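Here the structure is laid out as structure tokens; the discussion comes afterwards.
Just so it is clear, the model here is predicted, and its values are computed rather than measured. Just so we're on the same page: letters track the sequence lines, and every chain starts at 1.
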Amino acid sequence: MKLAVQLYARARDLAGLDQVELELNEPASVGDVRTALADCVPELAPLTRGLLIAVGTDYADDSLTVAAGDTVVCFPPVSGG
Amino acid sequence: MKLAVQLYARARDLAGLDQVELELNEPASVGDVRTALADCVPELAPLTRGLLIAVGTDYADDSLTVAAGDTVVCFPPVSGG
Amino acid sequence: MIRLTHDPIDTHQLTESVRDHAAGAVVLFLGTVRELTEGKRTLALDYEAYPEMATAKLKEIAETASTKWPITAYGIIHRLGHLDLGDVSVAVAVSCPHRVEAFEAGRFLIDTLKEIVPIWKKENFDDGTTEWVHPGLDAATDTPVSN
Amino acid sequence: MIRLTHDPIDTHQLTESVRDHAAGAVVLFLGTVRELTEGKRTLALDYEAYPEMATAKLKEIAETASTKWPITAYGIIHRLGHLDLGDVSVAVAVSCPHRVEAFEAGRFLIDTLKEIVPIWKKENFDDGTTEWVHPGLDAATDTPVSN
């Protein structure tokens with residue numbers, strides 16, 4: 001399946017892209033997204049351990065299953081306030 | 001010596017006076033002021049243990065010596081804020 | 001800046017006065033006249049101070065706070081006189097480089113103010129009674145206003 | 001009330017919005033753009049959010065706070081975009097019956113916001129470099145602006 005992953009902050013700047021299209025085998029987990037991201041965008045590889053992934057508006061851990069059409073978002077640790 | 005003691009809040013309302021003139025033997029302490037106040041203004045007697053006494057702009061304990069001309073002020077526990 | 005006033009407190013001006021490029025955090029505390037206290041309904045409060053000592057103690061508290069936390073700027077204003085429901089009785093503003101310090105300093109300033117600054121409030125309850133608030137002394141309800 | 005905005009935050013309006021006859025205490029926290037961080041001089045900050053999730057998490061935090069403290073009213077506004085020195089980046093206002101609760105709730109709201117809400121800031125230093133702030137990741141200074 002195809003899955004679009006939105007990038008924010010330093011992840012977006014390193015990738016040079018707002019969004020990355022991944023090709024994943026089903027069923028796919030958030031952990032698979034993490035691995036595919038690092039393969040597809042080598043610039044993100046040094047960050048991947050520290051990147052956070054959200055599905056919809058919730059943090060997701062690597063075991064969560066993602067489906068085509070999910071809003072998947074990837075970003076480094078937050079620093080608002 | 002004569003010593004004027006200013007009263008505030010419930011102490012003033014109970015006494016019905018802003019200020020009480022005390023006659024004290026020298027040397028006089030804050031403890032003597034406390035005793036003389038209760039004698040002179042019986043309405044204050046039930047409060048006397050709880051009354052605070054300041055000399056100038058500082059809290060004074062019963063052992064402090066007071067002199068004629070000191071600003072002596074007496075009030076119940078504070079409740080600002 | 002320390003002030004006692006009979007006028008309404010300009011809380012916005014106070015807050016702005018502590019903002020500073022050296023500070024990353026501002027904490028403002030407002031005490032406001034609350035309607036219900038232990039089931040009794042308050043209509044108004046009257047505040048009174050021994051002003052010379054109140055001002056001196058507020059300065060002392062601010063100086064103590066400045067030795068404990070890296071305070072960039074502060075302001076404390078206490079209102080006196082007759083206050084209606086919802087009115088601001090006290091405003092404490094403090095700025096520091098970081099937020100933890102600003103919260104701790106703000107908390108210290110208002111806690112210590114309430115402990116040692118010679119200011120008193122008298123409750124005006126909706127049943128017509130009034131009562132000076134003197135923590136640690138027995139509550140003593142004074143004559144109904146209608147008498 | 002929860003809001004993300006690119007406009008300057010009206011901190012006075014926010015503070016007034018939480019005042020209530022049921023509350024005796026209001027705490028306002030402001031985060032402001034500080035000039036010096038670990039010896040480096042900041043000229044400006046750029047804030048960015050994943051807005052849908054930021055709003056959802058702010059609501060979640062406020063709901064959690066409301067189960068821990070008797071919050072009368074609250075408001076949280078986070079600014080986004082380019083902020084200059086001294087600008088207010090975030091404002092949290094909370095009112096409660098008593099001050100201890102208001103301080104604790106205010107502290108919880110800003111602490112938790114900084115932990116979990118997807119908002120990021122980029123430092124613009126006076127040496128022309130910029131740097132995303134990502135706690136726990138190695139600092140990585142990006143290309144000088146002049147390149």
Within the 4.5 Å heavy-atom criterion, are A:Arg12 and D:Trp120 side-chain neighbours or not?
no
Side chain, backbone, both or neither: which part of D:Glu52 has an atom under 4.5 Å from a heavy atom of chain A?
both
Would you name the heavy atoms of D:Leu137 and A:Gly50 that are closest together and state the gap between them?
CD2-CA, 3.9 Å
Nearest-0.5 Å distance, OH of residue D:Tyr50 to OG1 of residue A:Thr71:
5.5 Å
Is it the side chain or the backbone of D:Val117 that comes within 4.5 Å of chain A heavy atoms, both, or neither?
backbone
Please flag which part of D:Ile116 lies under 4.5 Å from any non-hydrogen atom of chain A: side chain, backbone, both or neither.
both
Side chains of A:Val78 and D:His134: does their closest heavy-atom pair fall under 4.5 Å?
no
Separation of D:Met53 CE from A:Asp58 CG (nearest 0.5 Å):
6.5 Å
Mark yes or no for whether A:Tyr8, through its side chain, and D:Ile119, through its backbone, hold a donor-acceptor pair below 3.5 Å.
no
Which bit of D:Tyr47 is near chain A, if near means a heavy-atom gap under 4.5 Å: side chain, backbone, both or neither?
side chain
Distance-only, no hydrogens or angles: does the A:Thr57 side chain make a donor-acceptor pair with backbone N or O of D:Ala56 under 3.5 Å?
no
Note: vs chain A, highest number of non-hydrogen pairs under 4.5 angstrom among D:Pro135, D:Gly31, D:Ala49 is D:Pro135
How about D:Arg3: does its CZ atom have over 12 heavy atoms from other parts shown lying under 6.0 Å from it?
no
Contacting moiety of D:Glu115, where chain A heavy atoms sit under 4.5 Å:
backbone
Okay, D:Ala54 and chain A: the region with an atom under 4.5 Å from a heavy atom over there is neither
Side chains of D:Trp132 and A:Leu14: does their closest heavy-atom pair fall under 4.5 Å?
no
For the candidates D:Ala91, D:Pro118, D:Ser89, which exhibits the highest count of non-hydrogen atom pairs separated by less than 4.5 Å from chain A?
D:Pro118
